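Structure, as structure tokens:
As the structure is a computational prediction, the values presented were derived from the model and not from experiment. In this chain, numbering begins with 1 at the start of the sequence shown. Keep in mind that the numbers below use all heavy atoms, side chains included, and drop hydrogens, waters and symmetry copies.
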Amino acid sequence: MSHMPALEATTLPADAVEVGRIADAWGIKGWFKVMAFSSDPEALFAAKEWFLQPAEKGAKQFTGTVLLPEALRGARVFVAREHFPKTDDGEYYWVDLLGLSVVNREGVALGVVRDLLSTGPQTVLILGYEQDGKEQERLIPFVDAYVDSVDLPGKTIVADWQADY
């Protein structure tokens, strides 16, 4: 008989980050497939605890032998940010860059990081900013040639970029 991890009702930690979803059952021993949102899901596998948020609202009670993965299909998988592996200098988790203000070397505000896009060889920052009362987007490659510094505590990125690029 295999050992199943205990599932307990709890609240998500304040620093919870969604890292994937439960995709489907796999095999006959209660395993399940997890669709990770990262191509290198270190945080998912390094964490000692996962927090699951069922896809369907409301709790269900099961009796008898039920494949746990079937009950959890579509559940959102969260990990506490504090359990993410440490990054090397110059490496950042996407979640830490979201919401940072981006300014250029002259101090001109370029926008706020709204999302990131992986283009294969590089990552691109997607900034949101307002111009003439309309929400606009600006794309800046997240590479050393254009990004001078990232100050996580100060919530700021300094880039060698101009507002009219």
Inset, instruction - For the pair Glu106 and Asn104, evaluate side chain to side chain contact (heavy atoms under 4.5 Å, CB included) and give the outcome as yes or no after the intermediate values. - result: CA-CA 5 Å; Glu106 295 74 36; Asn104 67 12; 3.3 Å; yes
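Cluster membership for Trp50 and Val95, using ILVMFWY side-chain heavy atoms within less than 4.5 angstrom, is shared. Hydrophobic clustering, with ILVMFWY side chains joined whenever heavy atoms are under 4.5 angstrom apart, keeps Val124 apart from Val112.
As a member of the Ile/Leu/Val/Met/Phe/Trp/Tyr network built from side-chain separations under 4.5 Å, Ile140 groups with Tyr92, Trp94, Leu97, Leu98, Leu100, Val102, Leu110, Val113, Leu116, Leu125, Leu127, Phe142, Val143, Tyr146, Val147, Val150, Leu152, Ile157, Trp161, Tyr165.
Residues Gln122 and Pro141 come closest through the heavy atom pair NE2-CB, 3.8 Å. Shown here for Asp151 and Pro153, the closest heavy-atom pair between the two residues is OD1-CD, 3.2 Å.
The CZ atom of Arg138 sits 8.5 Å away from the CG atom of Asp164 when rounded to the nearest 0.5 Å. In this structure, CZ in Arg114 is found 7.5 Å from CD1 in Ile126, a value given to the nearest 0.5 Å.
In this structure Gln136 satisfies the side-chain hydrogen bond (donor to acceptor under 3.5 Å, both in side chains) test with no other residue, sequence neighbours excluded.
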Side-chain donor/acceptor pairs under 3.5 Å, residues 75-89, sequence neighbours excluded:
unit_1, atom_1, unit_2, atom_2, d
Arg76, NE, Glu18, OE1, 3.2
Arg76, NE, Glu18, OE2, 3.1
Arg76, NH1, Gln53, OE1, 2.9
Arg76, NH2, Glu18, OE1, 2.7
Arg81, NE, Asp96, OD1, 3.0
Arg81, NE, Asp96, OD2, 3.3
Arg81, NH2, Asp96, OD2, 2.5
Thr87, OG1, Glu91, O, 3.2

